[in-house]
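Notes for the one structure printed next.
Everything numeric here is computed off the predicted structure, so don't read it as measured data. First the proteins, then the strands, lettered A, B, ... as listed; each starts at 1.
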Protein chains: 2
Amino acid sequence: MTAPPRRVTQRDIARMAGVSQATVSLVLNNRTDADVRIAPETRDRVLRVITETGYAADPVARRLASRFNRIIGVFTYEPAFPSGSRDFFHPFLLGIEEYAERVGCDLLLLTSAPVVDGRRRIFHHDNRLRLADGCILLGREIDGAELHRLNRDGYPYVAVGRRDDAGGPVPYVGADYASAVAQLVEAALRRGHRRLTYVSMGAPAESSEDRLRGFRAAATTAESAGQMSASAGEADATVDTLLADGTTVVFVEDFATAVALESAARRRGLSVPGDLSIVTLGDPTSPVPTDIAFTGFRIPREEMGRQSVEVLTGVIDGSAAGLHQRLLACELVEGRTLGTPDPAVDQR
Amino acid sequence: MTAPPRRVTQRDIARMAGVSQATVSLVLNNRTDADVRIAPETRDRVLRVITETGYAADPVARRLASRFNRIIGVFTYEPAFPSGSRDFFHPFLLGIEEYAERVGCDLLLLTSAPVVDGRRRIFHHDNRLRLADGCILLGREIDGAELHRLNRDGYPYVAVGRRDDAGGPVPYVGADYASAVAQLVEAALRRGHRRLTYVSMGAPAESSEDRLRGFRAAATTAESAGQMSASAGEADATVDTLLADGTTVVFVEDFATAVALESAARRRGLSVPGDLSIVTLGDPTSPVPTDIAFTGFRIPREEMGRQSVEVLTGVIDGSAAGLHQRLLACELVEGRTLGTPDPAVDQR
DNA sequence: CATAGGTGCTAATACGTATTAGCTCGACGA
DNA sequence: TCGTCGAGCTAATACGTATTAGCACCTATG
């Protein structure tokens, strides 16, 4: 690193081509409006100099002067390391990158956001949001206050996953958990299950609410549709509780918990799905080794990534507001953990 | 999207605090030089207004005016999609992100670079390199001409993987393939192998040269040390060739080719490593399903990612040039595909 | 020949920050 | 009384681009 050779600017190009800086800018942006005219010879001359020098406009200056940057920010709410949630986010990122590449945008991963109280903060004394034209928000739980702030500032963004209003509608691309869960409940009812239990993670996220809503809506004809919250660590006690109240099928929000319940059940000499059916409600958010083919559904994560970019570009250039909230269908996974309830048990 | 509310600027802060814009900037950057003095009361007043408004400096303007952005560009040479090389790059990216987070930098994935003749181009009519303070280059083969250009422009960058000089030394963080391959060759010699063959991919990359160099340097005491180039598709013919010239151990550059050779050998009724030892020279660059525990080495990809950020920051702020080329040791993997040659065969 | 209208370009300015030269004001020394 | 000096601030400018008002010139028209 000696003296950094001052980079070529439009002024340099202008001097070489014998025109003004403004003309260079006009040629560069291929402006052909009615009130902007450049003679073909002049245009060619400028273009030739540009080609010779290999000049490319400084994106920073361009952004400062005009409006857009063709940069899409990606804010990952949960700290990326060392948690395994990385693997959960990866498919979203793949989809985002794919679509960003297609529309010619660069991706800015906002990794510099500081962690306060265990979670990343968008807004802090040196936030860099404005480097990007808009931002994609990834994370199970997103701070409502920050969404309010984004709305108030009129900053273009889109959340991956449905979000409640926050001082205005929140643009999002989510998965239609309610429908997916409802379909699984209906499948269970068709197989004769009458006593269903929903096992939640106990977190206040929208994604949990939606699943539970789907469960409740579809389980109306069931004899009993209970709800409890449990984690993987309490699997044994949970299985006892479930059996005690005659539950024949559980709908488990957290994948790791489902895995734990299955082995706890087997440890008690129960068969799955013979004695207890287990339905999972989404992909693993942390890596859990298991060979069990659980019945459940798959979240269209790559597609959500792609569409979030699409929605964001819409928000940025201010097209119709109605399309800024999307719910994508989840693909049901047949699996082997949803069976037919034992009639003897069912008759108790 | 109604009228975008003009964002708060230093001028606004200045007006509110009853000072000049320059003062706001000085306070903001905590300038305490001898020739810049701000009275404590003034400083506090400005800071209070900044806190109240939640103001944060526009990183774009900041970059234009001064020098640095705290953005690290990441250029992925091979097109990311749909090739599976994605999985190969992922560990590098993890390391890069981890270190970038630690030093408070954001990452700019330069996904907008256009693909020409099957490979991404750094330099094109609208390249966005200058958005970042410097750039990390990822890819098996990197165009020497582009490296020349980077050097000429004095643009700070670092390559992941060793690179030959290109109009000057190229800063890099590479894996020490030569040593790793040499160690494997020595291990084979110790086990009694005398006829070794190196199977390359036939690509002109530095990573291939280094491996081959290590092979040649260590194989001097062998009876024969041949070299051929082959791909996974020609596995059967390759095995025939190898057996015909009495080879007892092959060093295979490409992981997929090694997998193919192993199954081709078994198809011929040969045992691995009984009849033929197979040593792989690096991690799979594309996903190849196999249960075989190949003997070989592991590339320290995450660590390379981390150190590439470290080197880049050094290049950017112009510290000692001697440390800008690093080779990291590879971890040897024992595996089960390097055996002892059959004495009968060896005596031919 | 004066006027109108069109063409091709440039000067000037804005974007929001960082930096630096230099201004004002008061205190202090001679 | 004047000069000096330091403290505390501001005016001015640069960074590189996009945009717009408007200038100079030409042609056609009456």
Side-chain angles (χ1 to χ4, degrees), chain A residues 4-47 50 53 55-70 125-131 133, chain B residues 4-46 50 53 55-71 125-131 133:
Chain A
R6 228 183 42 68
R7 69 176 311 234
V8 179
T9 71
Q10 287 188 358
R11 229 203 329 257
D12 302 324
I13 305 290
R15 207 174 304 129
M16 297 187 212
V19 296
S20 73
Q21 174 266 324
T23 303
V24 176
S25 175
L26 293 175
V27 169
L28 211 59
N29 295 349
N30 207 17
R31 289 276 302 268
T32 45
D33 317 20
D35 54 344
V36 166
R37 278 167 301 254
I38 308 286
E41 313 86 77
T42 309
R43 185 179 296 271
D44 290 346
R45 190 152 30 94
V46 172
L47 285 175
I50 288 176
T53 55
Y55 167 85
D58 182 341
V60 174
R62 180 175 270 190
R63 163 69 165 166
L64 185 60
S66 71
R67 215 119 175 86
F68 300 116
N69 225 356
R70 299 165 59 84
H125 71 289
D126 186 30
N127 84 71
R128 325 262 302 264
L129 280 189
R130 304 225 78 104
L131 278 169
D133 296 336
Chain B
R6 228 182 43 69
R7 70 174 310 232
V8 179
T9 71
Q10 288 188 357
R11 227 203 328 257
D12 302 323
I13 305 290
R15 207 174 303 127
M16 297 188 210
V19 296
S20 73
Q21 174 266 324
T23 304
V24 176
S25 174
L26 293 175
V27 169
L28 211 60
N29 294 348
N30 206 17
R31 290 277 301 269
T32 45
D33 317 19
D35 54 344
V36 166
R37 276 166 300 254
I38 308 285
E41 313 85 77
T42 310
R43 185 180 295 273
D44 290 347
R45 191 152 29 94
V46 172
I50 288 176
T53 55
Y55 167 84
D58 182 341
V60 174
R62 181 175 266 190
R63 163 68 163 168
L64 185 59
S66 72
R67 215 119 177 85
F68 300 117
N69 225 356
R70 298 161 59 83
I71 290 183
H125 71 289
D126 185 31
N127 83 73
R128 326 264 301 264
L129 280 189
R130 305 225 78 105
L131 279 168
D133 295 337

Requested in this report: Would you mind reading off the distance between A:Q10 atom CD and D:dC15 atom P, rounded to a whole angstrom?
Outcome: 14 Å

Requested in this report: Specify the separation, in whole Å, of atom CZ of B:R43 and atom P of D:dG8.
Outcome: 10 Å

Taking distance alone, no hydrogens or angles, what donor-acceptor pairs closer than 3.5 Å link side-chain atoms of residues 20-27 of chain B to residues at least two apart or in another chain?
unit_1, atom_1, unit_2, atom_2, d
B:S20, OG, B:A22, N, 3.4
B:S20, OG, B:T23, N, 3.3
B:S20, OG, B:T23, OG1, 3.1
B:Q21, NE2, B:Q10, OE1, 2.9

Query - With sequence neighbours excluded, residues passing side chain to side chain contact (heavy atoms under 4.5 Å, CB included) with A:R70 - result: A:C105, B:R128

Query raised in the report: With respect to the phosphate group of D:dG16, does any side-chain polar atom (N or O) of A:Y55 fall under 4.0 Å of OP1 or OP2?
Result: no

Query raised in the report: Does the side chain of A:T9 get closer than 4.0 angstrom to OP1 or OP2 of D:dC15 through an N or O atom?
Result: no

Report task. Compute the angle between the rotation axes at the two ends of the helix from C:dC1-D:dG30 to C:dA30-D:dT1, each taken over five pairs, rounded to 10 degrees. Result -> 80°

**Report entry** Closest nucleotide among D:dT20, D:dC9, C:dG16 to the B:A39 side chain
**Finding:** D:dC9

Requested in this report: Mind checking side chain to side chain contact (heavy atoms under 4.5 Å, CB included) for A:T53 and listing every partner two or more places apart, or none if nothing turns up?
Outcome: A:I13, A:M16, A:V49, A:Y55

I'd like a table of atom pairs between the protein and nucleotides 10-12 of chain C - only N or O on both sides, under 3.5 Å - with the distance next to each one.
unit_1, atom_1, unit_2, atom_2, d
C:dT10, OP1, A:S20, N, 3.2
C:dT10, OP2, A:S20, N, 3.0
C:dT10, OP2, A:S20, OG, 2.9
C:dT10, OP2, A:T23, OG1, 2.2

Report task. State, with a plain yes or no, whether a side-chain heavy atom of B:R63 is found less than 4.5 Å away from one of B:L131. Result -> no

Query - Contacts of B:R11 that satisfy side chain to side chain donor-acceptor pair (under 3.5 Å) - sequence neighbours left out - result: none

Requested in this report: Can you tell me the distance, in whole Å, between the CG atom of A:N29 and the C1' atom of D:dT20?
Outcome: 14 Å

Query raised in the report: Which whole-number value in Å describes the distance from B:R37 CZ to C:dA21 C1'?
Result: 14 Å

Report summary line: Judged by nearest nucleotide, the residue sitting upstream toward the 5' end of DNA chain C, B:A61 or B:V36, is B:A61

Report task. With rounding to the nearest 0.5 Å, note down the distance linking CZ in B:R45 to CD1 in B:I38. Result -> 10.5 Å

Query raised in the report: If every non-hydrogen atom of A:V60 is compared with every non-hydrogen atom of A:D58, which pair is closest and at what distance?
Result: N-OD1, 2.8 Å

Query raised in the report: Distance check: side-chain N/O of B:R62 vs OP1/OP2 of C:dG16, anything under 4.0 Å?
Result: no

Query raised in the report: For the pair made of CG in A:L28 and P in D:dG16, what is the distance, rounded to whole Å?
Result: 15 Å

Requested in this report: Could you tell me whether the phosphate oxygens of C:dT19, OP1 or OP2, come under 4.0 Å of any side-chain nitrogen or oxygen in B:S25?
Outcome: no

Query raised in the report: Looking only at heavy atoms, what is the nearest atom pair of B:V8 and B:D12, with distance?
Result: CA-OD2, 3.4 Å

**Report entry** Side-chain N,O (A:R31) to OP1/OP2 (D:dT19) below 4.0 Å
**Finding:** yes

Report task. Let me know the distance between CG of B:L64 and P of C:dA14, rounded to the nearest Å. Result -> 16 Å

**Report entry** Value in whole Å for how far the C1' atom of D:dT19 lies from CZ of A:R63
**Finding:** 17 Å

**Report entry** Gap between atoms CZ and P, on B:R11 and C:dA18 respectively (whole Å)
**Finding:** 14 Å

**Report entry** B:R43 vs B:N30 side-chain heavy atoms within contact, under 4.5 Å
**Finding:** yes

